[in-house]
2 protein chains.
Amino acid sequence: MDESTRAKRQRQRVTADEVARVLGVSQSTISRAFTATASISEEMRTRVMTTAAELGYQPNVIARSLMTRRTNIVAIVLPNLTDPFYAVVLDELTQRLQPRGCQTLLFVPTPGQEVDEILPTLLQYQVDGIIITSATVSSAMARACAKRETPVVLLNRYVPGLEIHAVSCDNVAGGRQMAEFLLGQHHRRPAFVAGQLGASTSMDRQSGFVSRLQDDGVECVIEQGGDHTYQAGFDAALRLMRRSDPPDAIFFTSDIMAFGGMDALRSNGFIIPDHVSIAGFNGVPLAGWAAYDLTTIRHPFSQMADAALELLGFGDAEVTQSPTTRLIHGTLMDRGSTMSRSPERTRVRG
Amino acid sequence: MDESTRAKRQRQRVTADEVARVLGVSQSTISRAFTATASISEEMRTRVMTTAAELGYQPNVIARSLMTRRTNIVAIVLPNLTDPFYAVVLDELTQRLQPRGCQTLLFVPTPGQEVDEILPTLLQYQVDGIIITSATVSSAMARACAKRETPVVLLNRYVPGLEIHAVSCDNVAGGRQMAEFLLGQHHRRPAFVAGQLGASTSMDRQSGFVSRLQDDGVECVIEQGGDHTYQAGFDAALRLMRRSDPPDAIFFTSDIMAFGGMDALRSNGFIIPDHVSIAGFNGVPLAGWAAYDLTTIRHPFSQMADAALELLGFGDAEVTQSPTTRLIHGTLMDRGSTMSRSPERTRVRG
DNA sequence: TTGTCGGATGCATTCGCATGCAGTTGACGC
DNA sequence: GCGTCAACTGCATGCGAATGCATCCGACAA
C-alpha cells in the first residue's frame, strides 16, 4: 500500500533525469538550464525549457537546497497574529522578501512557549535567516545560530549584552517624546499602562516616559496592564479612572491596549479627550481611523523592515558579521484622543 | 573565498555522520535514533541523543524530506495581511498546524498577481498541502496539483465546476440571513456595498441578500465598492448617503469596508444606527469592540480551519480523494450598529 | 596545418538522511 | 547442544539536483 503509493509517485513526479532522457542530454544540462549563471548555450536552454514545460517539470527546491545550502526561506517568529502590530510587521517583511525570491516560514509560539524551545525546530529547516519579533533568545541559542552561520535579527527588541543583530524603535526616546508632548498639553496627572512584566519594550517606554516627566517634576501613576491585549487595556483603564485621583492622561504601552482602554471609558460615560487624554504606542493603521483617532508613536515600519533584511544579508551592503543594533526613532502622531488642558485648570471634570 | 567559506561550513555543520563517528556506530543508527518508529534499543537511542546534544546535532529536515517526501510544510496563500479577516484565518490555521509538527509557508501575491502564477513556485517547495484563501485557481493548475498529489483547499471561496476541495461560509445563506434580519427591523431602503467585481464571495452575499429582500418586495440599492478596503467602504458610504434617496441600512460585503463606512458617516455628522443601520460580514474581533459594535455575520472560523485541515489530510478521518465542498453557516451577530425602525416611520432624519 | 583557447556538454561525485536487506547477537525451547 | 526467532545494527543505495573536472568542438591566430 505504502510502497505502491510511493511507486506511483515516482512515476508521476517529473525529475530532471526525465527531461534529460527525453531530450537525449545529461541531467547536468537540465540543471544548467535552470541556473542563471551556468554555462549553457541559449539554444539548448530554450529547448530544455520547452520540454520541461511540456512535461510539467519544476526543479525540486528541496533537493537543490541540499547542494546549494540555500533554502530561500526566512523564518519569522511572531507572538500572535491578532495584534495588528504584528500583522503590519509581517506584511512589511513579506512584501520585501517575495520580490527577492524568498519565502516566509511562520512560527507562532504558543503562549508560555519560549522562543528558545522552537529555535532548534526552526534551524532544522535550514532557513537562510531568522527574524524574531518581541522576544529574545538565550545567549547559548545566539551562539548556536552563529555557529551555523544562520543570521538572526531581533525585531522590536534588543538586549544590550547579547551578541545578536537587533532592530528596534527607540522606545526610551518614544516614551520621552510622549511625555514631552503630554506636558506640552499641560497634563499634570499622567498614567502609564505597562505590558508584560519584563518586556523590555514596555519597560523602556515607561522609563523614557517617567524620566521625562520627572524632569518637570510631574509624578506618574504606573498601572500594570498584564499582557498586550485589548482586554488588558480595557480593565486597566477602568481601574485607573476609578481611583480617587484619576489621571488626566493615560499612555498605554501598546495601541491595542489603548483601544481597549478607550472602549472601556467610552462605555462608562467618559468623553475622550475631554475627560482624559489617551495615547498609545505602535501606530497601527487602526489608530489612524476615525473611530479611535489615537495619538500614538508610530513605528518606522518600513525602515525597520529594511534594516532587518539588511542585517540578514539581503541588502546591497556587505554583510556585517559583528552584531549590530539599529535604533530607529518613531514619529509622534498628534491625533484627537489627546487635547490640551488649559493651564489654569489642570483637571477637567465631566 | 567562496570555497573557503563552504569548506568552513562543512567543518562546522554537524551531520549524522559526525555523531556516528564519535559514537563508533553507523550513520543509520543515528537516523534511527531520531525516527520514532525505527527499530533501535532504548540504550542506544539515549546514547545517540546524548552525544547529539553535546555536538549540537540536529537532523537536517531538508535532507530528510528528500527521502520521506514529506516536508511538514503547508503553504497558505493570502491576498493581504492588513485585513484582520485574513489575520484571523492565518492565526486559526497556524495554531492548528504547529501542534501537528507542521509549519506554515506564507505567500502573499502582490496586487494583480494571479494565484496561478505563484502556484508553480509554491509547488517547487514540495509542500504537503496548499490552502488558498479568497482566490481561485485555473482548472489546469488544479490538475497539476492533483497529479503531484499535493492536496489543495480553497478557503472562503468555491467554484462549482472545479475539481478541488473547498471550504467556505455559506455566503448566499449569510446574505439571506442579513436581509431577513434587516427586514425584521423594518428597514425598507437597504443598500448593499459590493466588493471586487467577480469576487464570488461578494456576489453570493449580494444575491442572497437581494433575493430575500425581493421576497418581501423590497428594492435594494447596489453600490460597487471596488476593493475590500477601509477606504473603499469609506467612499461608498458617503456616495450612498448623498443620494437623493439615502438608504436606511447599509450592508457591506466585508467588515473592513463597514468600518470605513461607519467612520465616514460619523465624521460627516451621521448617527449610527439612528440615521442609518450598518452591517458587515466576516465577524472579525474588531467588529465586536465597542468602537464599532458592528452587526455582522460571523464566519465559523474554527470550523472552517478544522474542515480545511481535514480535507488536506491532516485530520483523523480518511483522506477523501474526490473534491469536496464544505459550506458552513455563519452566525448573525446582532449588535448596536443596527436598530429597529418603527413600522410607521420608515426613515429617520437627523 | 597546427596549436590554443573559450564555450558547451557529459561524467562522476556530493549534499544529509532514510530504508531495504543482510548479518550479528542473545534468549529460549526442545 | 542446536535450531529458531526476535531484536538490533551495519552496509549499500537512493532521493533530485549542483558542480568540479575532463572532454569535445569550433574558431582563430600563428
Side-chain angles (χ1 to χ4, degrees), chain A residues 2-21 23-48 52 55-72 123-126 148, chain B residues 2-21 23-48 52 55-72 123-126 148:
Chain A
D2 193 45
E3 293 172 39
S4 74
T5 304
R6 168 136 349 120
K8 205 171 60 183
R9 279 199 188 167
Q10 285 181 2
R11 252 182 282 124
Q12 294 197 344
R13 196 150 263 159
V14 189
T15 71
D17 271 313
E18 295 252 337
V19 183
R21 204 173 328 127
L23 277 170
V25 298
S26 76
Q27 174 262 320
S28 322
T29 302
I30 312 303
S31 168
R32 292 195 175 102
F34 282 89
T35 309
T37 59
S39 160
I40 185 174
S41 68
E42 245 348 280
E43 184 218 340
M44 179 61 90
R45 174 167 274 148
T46 43
R47 280 181 60 206
V48 170
L55 299 181
Y57 168 74
Q58 288 281 118
N60 182 326
V61 178
I62 298 296
R64 165 182 293 168
S65 302
L66 206 54
M67 278 297 288
T68 61
R69 297 170 169 288
R70 294 207 88 230
T71 50
N72 288 322
L123 285 173
Q124 291 186 350
Y125 279 90
Q126 317 294 118
R148 299 181 56 133
Chain B
D2 191 44
E3 295 172 37
S4 74
T5 304
R6 171 138 345 124
K8 207 171 58 184
R9 279 200 188 166
Q10 285 181 3
R11 252 183 281 123
Q12 293 195 345
R13 197 148 261 161
V14 189
T15 71
D17 271 313
E18 294 253 335
V19 183
R21 205 174 325 128
L23 277 171
V25 299
S26 77
Q27 174 262 318
S28 322
T29 302
I30 312 303
S31 168
R32 293 195 174 102
F34 282 89
T35 309
T37 58
S39 160
I40 186 174
S41 69
E42 244 349 278
E43 185 217 340
M44 179 61 91
R45 175 167 274 151
T46 43
R47 281 181 59 205
V48 171
L55 299 180
Y57 168 73
Q58 288 281 117
N60 182 326
V61 177
I62 298 297
R64 165 180 292 168
S65 302
L66 208 52
M67 278 297 290
T68 61
R69 297 168 170 289
R70 294 208 88 230
T71 50
N72 287 323
L123 285 172
Q124 289 185 351
Y125 279 89
Q126 318 293 120
R148 300 182 54 134

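Each chain gets a letter, A, B and so on, in the order its sequence line appears, and its residues count up from 1. Scope of the values below: all heavy atoms of this structure, side chains included, with no hydrogens, waters or symmetry mates.
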Q: At what distance, to the nearest 0.5 angstrom, does CZ of A/Arg13 lie from OH of A/Tyr57?
A: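 Rounded to the nearest 0.5 Å, the CZ-OH separation comes to 12.0 Å.
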Q: Show your reasoning for whether side-chain contact (heavy atoms from CB on, under 4.5 Å) applies to A/Leu123 and B/Gln58.
A: CA-CA 8 Å; A/Leu123 285 173; B/Gln58 288 281 117; 5.7 Å; no
Q: Send over the distance from A/Tyr57 OH to D/dG16 C1', rounded to a whole Å.
A: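 In whole Å, D/dG16 C1' lies 7 Å from A/Tyr57 OH.
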Q: Using whole Å, what does the distance between atom P of nucleotide C/dA12 and atom CG of A/Asp17 come to?
A: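 Taking CG of A/Asp17 and P of C/dA12, I get 14 Å after rounding.
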Q: Output the rounded distance in Å from OH (A/Tyr125) to P (C/dC17).
A: 15 Å
Q: Figure out the CG/C1' separation between B/Asn60 and C/dC15, and round it to whole Å.
A: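 Roughly 9 Å, once rounded to whole Å.
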Q: Near DNA chain D, which residues from residues 24-42 of chain A have a heavy atom under 4.0 Å away?
A: A/Gln27, A/Ser28, A/Ser31, A/Arg32
Q: Where the side chain of A/Thr68 meets the backbone of A/Arg70, is there a donor-acceptor pair that is under 3.5 Å apart?
A: yes
Q: Rounded to the nearest 0.5 Å, what separation is found between the CZ atom of A/Arg32 and the OG atom of A/Ser26?
A: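 It comes to 6.5 Å.
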Q: How long is the line joining CG of B/Leu66 and C1' of D/dC15, in whole Å?
A: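 These atoms are roughly 4 Å apart.
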Q: Closer than 3.5 angstrom, by distance alone: can the side chain of A/Ser31 be matched with the main-chain N or O of A/Gln27 as a donor-acceptor pair?
A: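 No, A/Ser31 side chain to A/Gln27 backbone: no donor-acceptor pair under 3.5 Å.
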Q: Is any side-chain nitrogen or oxygen of A/Arg69 closer than 4.0 Å to OP1 or OP2 of C/dG16?
A: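 Checking A/Arg69 against C/dG16: at least one side-chain N or O falls below 4.0 Å of OP1 or OP2.
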Q: Nearest 0.5 angstrom please: A/Leu66 CG to A/Thr71 OG1, how far?
A: 11.5 Å
Q: Got a list of protein N/O to nucleotides 25-27 of chain C N/O distances below 3.5 Å?
A:
none

Q: Could you give the CZ-to-C1' distance, from B/Arg64 to D/dG14, as a whole number of Å?
A: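 Distance check: B/Arg64 CZ to D/dG14 C1' gives 17 Å.
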Q: Please give, in whole Å, the distance from C/dG16 P to B/Gln58 CD?
A: 15 Å
Q: Shortest non-hydrogen contact from A/Ile30 to A/Val19?
A: CD1-CG1, 3.7 Å
Q: Angle between the two end axes of the helix from C/dT1-D/dA30 to C/dC30-D/dG1, five base pairs per end, rounded to 10 degrees?
A: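 Overall, the helix from C/dT1-D/dA30 to C/dC30-D/dG1 bends by 50° from one end axis to the other.
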Q: Quick one, B/Gln126 with B/Arg69, criterion side-chain contact (heavy atoms from CB on, under 4.5 Å). Give me CA distance, side-chain angles, the key distance, then yes/no.
A: CA-CA 8 Å; B/Gln126 318 293 120; B/Arg69 297 168 170 289; over 6 Å; no
Q: For the atom pair OH (B/Tyr125) and CG (A/Asn60), what is the distance rounded to the nearest 0.5 Å?
A: 11.0 Å
Q: Quick one: OG1 on A/Thr29 to CZ on A/Arg45, what's the gap to the nearest 0.5 Å?
A: 11.0 Å
Q: Tell me: CD of A/Gln124 to P of C/dG16, nearest whole Å?
A: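 Answer to the nearest Å: 15 Å.
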Q: Working to the nearest 0.5 angstrom, can you tell me the gap between A/Met67 CE and B/Ile62 CD1?
A: 14.5 Å
